[in-house]
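Structure first, then comments.
Here is how names work: the chains are called A, B, and so on, in the same order as the sequence lines, proteins then strands, and each is numbered from 1.
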Amino acid sequence: MSIETPLANHFIRQLIREDRARGLHNGRVATRFPPEPNGYLHLGHAKSICLNFGMAAENDGVCHLRFDDTNPVKEDLEYIEAIQADVRWLGFDWDRLLHASDYFEVFYLCAEKLIRKGLAYVCDLSADEVREYRGTLTSPGRDSPFRDRSITENLGLFRRMRAGEYADGTRTLRAKIDMASPNINLRDPALYRIRKVPHQNTGDAWCIYPMYDYAHCISDAVEGITHSLCTLEFEDHRPLYDWCLDHLDLVNDASLTAPLRAKGLHMSVSRPQQTEFARGNLDYTVMSKRKLIALVQDAIVDGWDDPRMPTLIGARRRGFPPAAIRNFWERLGYSKQVATIEYSVLEGCVREVLDAQAPRRMGVIDPLRLVITNLPAGHDETLTFANHPKDESFGTREVAFAPVLWIEREDFMEVPVKGFHRLQPGGEVRLRGVGIVRCESLVKDDAGKVVEVRCTLDPDTRAGLPGADRKVKGTIHWVSARHAVAAQVRLYGRLFNVPDPDEDEGGKTYRDHLNPDSKRIVQAWLEASLAQAAPEERFQFERLGYFVADRLDHGDGRVVFNRTVTLRDSYGKQK
RNA sequence: UGGGGGAUCGUUCAACGGUAGGACAACGGACUCUGACUCCGUUUAUCUAGGUUCGAAUCCUAGUCCCCCAGCCA
């Protein structure tokens, strides 16, 4: 059974096919996923990952994983490992693993080339002064007083910047473009800044570090990237992307990439094209790096891998299959419309994959005692259950059955509402795989709460017998009280209780919209075999939902499951 | 107010001058030893106003609304 989704005919897929068809880059396709190693990957990143790796794969191309590590003060080694693990978990593998810092020498050579062409200058303005000179959205900026330094002076100054002769923040290298441009990105943007901090990859070899716009386009070119796919907010950076590459002409200037060949890094240089698509947002969640970090740091969640987090590591711990996330983004397609996708679409993808792939089990998360009175107290029986209702390849399993069972409390109603199909006083229900029982009496505690339902089992309706075909309205799941294994089960709901927690309205912030009931921990009774489940193994607990053995806490005698998602519930929804 | 983008069912993505279609959601039904799955059916959309055309979601004009941009972040 295939769980892959049909391919959407989105504009980037079309563009790449057309480019190939007309022989651009000799039909070669190369993409890259360029995370900054300063946070964990989330579902939004997955959209970009699926696109970049997907486009490469379906066009016989390559895709690089490139760490965009141009700012040493923000990065952390912890993230480098995590990002690789997340990309692999999602189901992708890179053709090359690279760092922007691999190209620091190239960036430097390129900067000298721009200076020599009179297209870059060293500016002594402070950060505040630069801001002041930049102008505003509606008024043009003014030229820096250092804009007309000679090439020789600029070269000398820039070399001394590199040599560490100036303090942090005292000078920058700037592109000489147009301070009156209506596009602010073109008002002599900074190319290099001084940061006397060691870099996790290059140590203290450098004290000047390139800016994103400058480094990114060169990195793309140097790696032979053909299609540089990024999100919408970079749309008005594209003129700068093009400006740098056009003036640098890396394709025809081998001297610029000589340092790479000297290091043994051989890649074909290209003139890449940037194309932007809309990032993907989900309702009832926040996706910004800042807010995610805050949730972790303020212990609102239990860490980056909290199953309620939209991080990939969180989704993994929640039990989401990677194929579901891939299908999700492929099914939505890629466009330039800013969109917030309903969470139910993701859940639908998760259920679809899990329905096909998750073996079935029984478990009771809110137990009520049910005693079958017409069976000897010592009755002990082993029943055989199919592990999947539609796929025989899942095989069968043995389930212990005895007269004292746990059933779900909500499967019994002393005073049933209209349309209730399950157990009620004097009523009948089928015990899954057993037969039909009739509720004969109740046992209540002092407070009047039902603590036990006493039933008789109709022997003619036992599974396998002709009488088993007798119709009853409801079928409920159960576990044998004597055989079941105790488990901790974590029930997760959405983290926020409004569709757009980012909407800061009426003085409220996302923190005012936290769902206090997003995590519930219960003690459950499960089929004994579940104690042997491997961490991260996924199951459907019949009639309850999909559950995953916690990848960290389950095992060594502890039985710990996380609820990934409930089953669709057309009954619960009616009420 | 400058620049860059975007407006199609509730949500999202198609339709590339020729019948507005899919997915999810919702609703109704069939099936069912999971109120699941599956199957069938139904409801609902081209931002507005003009224009071009035999024919416009698509082209033109004028509006309206939404998003992004004033880091030595990415």
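Side-chain N/O atoms of A/Arg193 include one lying less than 4.0 angstrom from OP1 or OP2 on B/C73. Residue A/Gln337 places no side-chain N or O under 4.0 Å from the OP1 or OP2 atom of B/C68. Between A/Ser570 and B/A36 there is a side-chain polar atom (N or O) within less than 4.0 angstrom of OP1 or OP2. Residue A/Thr70 places at least one side-chain N or O closer than 4.0 Å to OP1 or OP2 of B/A74. Phosphate contact (OP1/OP2 of B/U38, side-chain N/O of A/Arg568, threshold under 4.0 Å): absent. Phosphate contact (OP1/OP2 of B/G71, side-chain N/O of A/Arg131, threshold under 4.0 Å): present. Between A/Lys471 and the phosphate of B/C33, there is a side-chain N or O to OP1/OP2 separation shorter than 4.0 Å. In terms of phosphate contacts, A/Arg134 brings a side-chain nitrogen or oxygen within less than 4.0 Å of OP1 or OP2 of B/G71.
Among the atoms of the strands shown, base atoms are found under 4.0 Å from some heavy atom of A/Phe234. Contact annotation for A/Arg238: no contact, since no heavy-atom pair falls under 4.0 Å across all strands.
Taking atom C1' in both B/A49 and B/U64, the straight-line distance is 10 Å, to the nearest Å. Rounded to whole Å, the separation between the C1' atoms of B/U12 and B/U52 comes to 32 Å. When the P atom is compared between B/A74 and B/G4, the two are found 25 Å apart, to the nearest whole Å. Taking atom C1' in both B/U46 and B/U19, the straight-line distance is 15 Å, to the nearest Å. B/U48 and B/U43 are spaced 26 Å apart, taking the C1' atom of each and rounding to whole Å. Using P as the reference atom, B/G35 and B/U8 are 39 Å apart when rounded to the nearest Å.
To the nearest angstrom, P of B/C24 lies 17 Å from CG of A/Asp283. Atom CD in A/Glu235 sits about 12 Å away from atom P in B/C69, given to the nearest Å.
Ring geometry, A/Trp525 versus A/Trp406: the interplanar angle falls under 30°, so the pair is classed parallel (tilted spans 30 to 60°). Aromatic ring pairs are classed by plane angle as parallel below 30°, tilted from 30° to 60° and perpendicular above 60°; the pair A/His237 and A/Phe234 is perpendicular.
Side-chain contact between A/Gln357 and A/Tyr546 is absent, with no heavy-atom pair separated by less than 4.5 Å. At least one side-chain heavy atom of A/Ile225 sits under 4.5 Å from a side-chain heavy atom of A/His64. Side-chain contact between A/Leu229 and A/Phe277: present, with at least one pair of heavy atoms (C-beta onward) separated by less than 4.5 Å. Looking at heavy atoms from C-beta onward, A/Leu544 lies in side-chain contact with A/His477 at the 4.5 angstrom threshold.
With its glycosidic angle more than 90° from 0, B/G55 adopts the anti conformation.
By the 4.0 Å N-to-carboxylate-O rule, A/Arg543 lies close enough to A/Asp411 to be salt-bridged with it. With respect to the salt-bridge test (charged N to carboxylate O, under 4.0 angstrom), the residues A/Asp355 and A/Arg360 qualify.
At a cut-off of 3.5 angstrom, the base of B/U12 holds no donor-acceptor pair with the side chain of A/Arg331. With hydrogens and angles ignored, no donor-acceptor pair under 3.5 angstrom links the side chain of A/Glu276 to the base of B/G5. Donor-acceptor pairing under 3.5 Å, judged by distance alone, is present between the side chain of A/Gln14 and the base of B/C16. One cannot find a donor-acceptor pair under 3.5 Å joining the base of B/G35 and the side-chain atoms of A/Asp569.
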ask   = Where each pair must be Watson-Crick or G-U wobble with both distances under 3.5 Å, what dot-bracket representation of RNA chain B is obtained, with crossing pairs in [ ] and other-strand partners as |?
value = .((((((..((((....[..)))).(((((.......)))))....(((((..]....))))))))))).....
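Comparing B/G71, B/C33, B/G3 by their nearest atom to the side chain of A/Met211 picks out B/G71. Of the candidate nucleotides B/C73, B/U34, B/C69, B/U34 has the atom lying nearest to any side-chain atom of A/Pro389.
The aromatic ring of A/His216 does not sit over the base of B/A74; the criterion of centres under 5.5 Å apart with planes under 30° is not met. Stacking of the aromatic ring of A/Tyr212 onto the base of B/A74 is not found under the criterion of centres within 5.5 Å and planes under 30°.
Each of A/Tyr108, A/Tyr209, A/Tyr214 was checked for a ring pair (Phe, Tyr, Trp, His ring centres under 6.0 Å) with A/Tyr192, and the lone residue meeting it is A/Tyr214.
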